[in-house]
Amino acid sequence: MARVLITSAIPYINGIKHLGNLVGSQLPADLYARYMRQRGHEVLFLCATDEHGTPAELAAAKAGKPVAEFCAEMHAVQAKLGEGFRLSFDHFGRSSSPQNHALTQHFAGKLAEAGLIEEVSERQVYSHADGRFLPDRYIEGTCPNCGYDKARGDQCENCTKQLDPTDLIEPRSAISGSTDLEVRETKHLYLRQSQIRDRLRDWIDGQSDWPILTTSIARKWLDDGDGLRDRGITRDLDWGVPVKKGTQDWPGMEGKVFYVWFDAPIEYIASAKEWTDADGRPDADWERWWRTDKGAEDVRYVQFMGKDNVPFHTLSFPATIMGSGEPWKLVDYIKSFNYLNYDGGQFSTSQGRGVFQDQALEILPADYWRWWLLSHAPESSDSEFTWENFQAGVNKDLADVLGNFVSRVTKFCRSKFGEVVPEGGTTGPAEEALVAELTRRLAAYQDHMEAIEIRKAAAELRAIWVAGNEYLQSAAPWTLFKTDPEAAAAVVRLSLNLIRLYAVLSRPFIPDAAQELMRAMNCDDWTWPEDIGAALTTLPAGHAFTVPDVTFRKITDDEREEWKARFSGTRD
RNA sequence: GGGCCUGUAGCUCAAUUGGUUAGAGCAGAGCGCUCAUAACGCUUUGGUUGGGGGUUCGAGUCCCUCCGGGCCUACCA
């Protein structure tokens with residue numbers, strides 16, 4: 001039995017996330033966590049909300065709420081949506097937790113001791129009307145290069161020229177529109193990542209099996225221009241982790257907080273402490289996952305994230321861990337994803353474009369989304385959600401191939417033998433061939449799951465479902481029954497066992513439906529099959545079952561059109 | 001501008017990393033079955049692998065070039 005630590009990128013707090021966010025980290029992480037648990041491994045699956053930063057403060061202001069209250073509410077909303085999608089987190093924490101405050105300050109203290117923190121004085125734009133410093137992109141003005149009047153302080157979207165906020169003509173706050181701006185001197189802490197560059201490079205170079213997407217982004221940052229740059233890890237904000245050196249005050253840093261990207265990954269660790277603290281368990285219980293000096297040497301740590309998160313997970317966070325000089329667990333494998341687009345464009349939280357998690361669950365059960373999203377995960381390039389593809393995929397795969405198989409087997413049995421596994425008859429070459437095929441496909445399925453090749457795993461699972469229909473078609477128990485009822489009974493007995501096997505194998509993808517099927521088979525044996533032939537005799541003759549309701553109803557053309565129209569514009 | 005990724009059948013994707021005649025699913029066509037959610041099975045149509053050039057006995061795969069799509073470019077997260 002192995003021990004697997006799994007984290008998915010922690011979703012930002014500023015609003016309800018769309019399906020692109022879901023498929024880019026949490027959903028695949030959940031698939032992997034569920035699979036590894038089913039295979040008997042010890043799994044710790046952690047996630048949290050990422051609650052700090054300017055956008056969180058602005059979202060709270062827009063909602064007319066104090067930021068702490070806003071974040072608490074949004075955390076509850078996201079936690080509930082996670083449950084709705086059956087994300088099997090062992091703990092869903094908050095980056096604003098006291099545990100994360102303490103740990104973030106601890107790391108900063110250790111980095112300072114190691115000489116990896118530098119104090120830098122810099123000039124930033126302050127808005128009197130907004131009462132805050134403005135990040136570059138929150139300043140708008142006219143581009144000095146092309147004259148575009150909505151250029152941002154970091155870059156002009158029209159001519160793509162990189163800008164400094166002070167380059168803008170007639171700069172104004174993007175928040176309030178105020179032109180009452182002032183350049184102020186302010187002091188910040190920088191993490192001297194450049195000092196750790198060679199260690200990071202050696203570490204990255206040693207990861208030959210990581211997705212190209214992951215390593216190429218890391219190398220780009222290591223080698224771009226003058227190489228890996230030091231990074232500011234503090235901000236002038238109210239809401240965040242106060243800057244401290246361990247438990248000590250940090251002279252000159254009063255009133256400042258750590259940068260959200262410094263404290264967010266540390267929450268992966270703090271979430272584990274939140275998890276044990278919640279039950280009053282000792283620190284040793286979470287440290288055995290995170291401290292290689294306290295039992296984590298044999299842990300395999302796997303992270304899931306969208307490509308936009310890769311630099312922070314391959315460089316900044318490892319630099320924090322390496323630089324601390326303490327034996328924290330480094331990530332072993334980083335699975336990164338491209339983007340899921342929506343019907344010809346991007347999903348957008350700010351523009352309200354696409355399908356959001358709450359809306360998705362309102363119109364269909366979680367399994368529909370899980371199956372389609374996972375079987376179309378943007379692994380090799382950006383992928384696209386269209387209602388036509390979604391309808392076709394769900395109807396064909398879930399309703400026709402899997403659902404209808406269950407339906408035809410159980411209903412045939414009920415009409416000929418009653419709601420009980422029939423006895424009599426023996427298996428022959430057809431059954432042996434089926435077992436051989438399933439054994440081969442199961443091995444492939446397992447290989448793909450181990451390698452986190454999600455679309456391939458989904459395709460293999462589907463092929464396993466198809467094999468049942470092929471078998472049933474060629475065995476034709478409805479014909480056999482007329483001349484040799486016992487032979488038909490043997491076919492049906494095996495087919496009912498196939499349903500149970502499908503519940504076991506499909507559970508990581510579609511946990512609710514798997515549960516329904518298992519319940520209908522009046523069984524609770526989720527043992528992962530070591531031997532297909534043996535697994536297909538689990539339900540013995542005489543075992544009672546029930547014919548389940550339609551497991552997956554089809555999406556009608558009318559529904560498809562209705563949803564397409566409903567989600568074409570922006571959400572309220 | 002620079003860097004990275006990507007382009008394979010109408011659609012969504014494969015192709016053991018340079019090795020037979022480029023494969024699946026969906027959609028389309030034909031046949032079969034009648035247990036089943038008008039479901040299932042079998043057969044089948046469909047590709048100058050974005051264009052052009054090169055290396056090689058051999059290129060979807062490597063190199064050059066052009067075209068298209070996307071991402072990143074460090075103070076959004």
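The model shown is predicted, which means the values in this text are computed figures rather than measured ones. In what follows, chains are A, B, ... by sequence order, proteins preceding strands, each numbered from 1.
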Partner of [N] by Watson-Crick or G-U wobble geometry, both contacts under 3.5 Å, or none?
N       : result
rC62(B) : rG54(B)
rU37(B) : none
rU44(B) : rG28(B)
rG7(B)  : rC67(B)
rG1(B)  : rU73(B)

Reckon [X] touches a base, only the sugar-phosphate, or nothing at all at heavy-atom distances under 4.0 Å?
X         : value
Val466(A) : sugar-phosphate
Glu51(A)  : nothing
Gly468(A) : nothing
Lys396(A) : sugar-phosphate
Lys416(A) : nothing
Ser474(A) : nothing
Ser415(A) : nothing
Lys307(A) : sugar-phosphate
Gly232(A) : nothing
Tyr339(A) : sugar-phosphate
Asp136(A) : base
Phe405(A) : nothing
Asp50(A)  : sugar-phosphate
Thr551(A) : base

Would you mind reading off the distance between [X] atom [atom1] and [N] atom [atom2], rounded to a whole angstrom?
X         : N       : atom1 : atom2 : result
Arg132(A) : rC76(B) : CZ    : C1'   : 13 Å
Asn309(A) : rC71(B) : CG    : P     : 16 Å
Ile217(A) : rC72(B) : CD1   : C1'   : 7 Å
Asn395(A) : rA38(B) : CG    : P     : 11 Å
Arg229(A) : rG2(B)  : CZ    : C1'   : 12 Å
Asn338(A) : rG7(B)  : CG    : C1'   : 14 Å

Taking atom [atom1] in both [N] and [M], compute the distance separating them and give it to the nearest angstrom.
N       : M       : atom1 : value
rG2(B)  : rG54(B) : P     : 27 Å
rG19(B) : rU56(B) : C1'   : 12 Å
rA27(B) : rC63(B) : C1'   : 38 Å
rC42(B) : rG47(B) : C1'   : 24 Å
rG41(B) : rU34(B) : P     : 16 Å
rU8(B)  : rA24(B) : C1'   : 13 Å
rC66(B) : rU21(B) : P     : 32 Å
rG50(B) : rA22(B) : P     : 15 Å

Consider the side chain of [X], meaning its heavy atoms from C-beta on, and name the nucleotide among [options] that approaches it most closely.
X         : options                   : answer
Arg455(A) : rC13(B), rA74(B), rG41(B) : rC13(B)
Pro135(A) : rU37(B), rC35(B), rC76(B) : rC76(B)
Tyr259(A) : rC40(B), rU34(B), rA77(B) : rA77(B)
Ser380(A) : rC26(B), rA14(B), rC76(B) : rA14(B)
Leu472(A) : rC35(B), rU37(B), rG41(B) : rC35(B)
Trp478(A) : rA15(B), rC35(B), rC71(B) : rC35(B)
Pro55(A)  : rG3(B), rA77(B), rU37(B)  : rA77(B)
Asp382(A) : rA77(B), rC5(B), rG70(B)  : rG70(B)
Asn389(A) : rC11(B), rC4(B), rU37(B)  : rC11(B)
His376(A) : rU12(B), rC35(B), rG41(B) : rU12(B)

(request) For Arg94(A) and Gln78(A), test the side chains for any donor-to-acceptor distance below 3.5 angstrom and give the result as yes or no. (result) no

(request) For rU44(B), measure the glycosidic angle (O4'-C1'-N9-C4 for a purine, O4'-C1'-N1-C2 for a pyrimidine) and name it syn if it falls within 90° of 0, otherwise anti. (result)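 For rU44(B), whose glycosidic angle is more than 90° from 0, the conformation is anti.
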
(request) Decide if the gap between the ring center of His313(A) and the ring center of Tyr268(A) is smaller than 6.0 angstrom. (result)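 Distance test on ring centres: under 6.0 Å, yes.
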
(request) Could you walk me through whether Arg201(A) and Asp223(A) pass salt bridge (charged side-chain N to carboxylate O under 4.0 Å, His left out), step by step? (result) CA-CA 9 Å; Arg201(A) 189 202 309 284; Asp223(A) 297 323; 2.7 Å; yes

(request) Could you say whether Val260(A) or Leu213(A) is positioned toward the 5' end of RNA chain B, judged by the nucleotide with the nearest heavy atom to each? (result)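 Result of the comparison: Leu213(A).
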
(request) Report the residue (Ala392(A) or Ser407(A)) whose heavy-atom-nearest nucleotide on RNA chain B is the more 5′ of the two. (result)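 By nearest-heavy-atom nucleotide position, the 5'-most residue is Ala392(A).
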
Less than 3.5 Å between a donor and an acceptor, one on the side chain of [X] and one on the base of [N], is that the case here?
X         : N       : answer
Asn404(A) : rA36(B) : yes
Arg408(A) : rA39(B) : no
Trp261(A) : rA77(B) : yes

Anything under 30° is parallel, anything over 60° is perpendicular, the rest tilted; go ahead and classify [X] against [Y].
X         : Y         : result
Phe385(A) : Phe390(A) : tilted
Phe356(A) : His18(A)  : perpendicular
Trp465(A) : Trp371(A) : tilted
Phe312(A) : Trp261(A) : parallel

(message) When you measure from the side-chain N and O atoms of Lys554(A) to the phosphate of rA39(B), is any distance below 4.0 Å, counting only OP1 and OP2?
(response) yes

(request) Identify whether NZ of Lys or CZ of Arg in Lys307(A) sits under 6.0 Å from the centre of the six-membered ring of Tyr339(A) and within 45° of that ring's axis. (result)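 Satisfied, under 6.0 Å and within 45°.
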
(request) Check for a donor-acceptor pair, side chain of Gln303(A) on one end and backbone N or O of Ala9(A) on the other, with a separation under 3.5 Å. (result) no

(request) Determine yes or no for a side-chain-to-main-chain donor-acceptor pair under 3.5 angstrom, with Asn469(A) supplying the side chain and Val466(A) the backbone. (result)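 Not confirmed, Asn469(A) side chain does not pair with Val466(A) backbone.
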
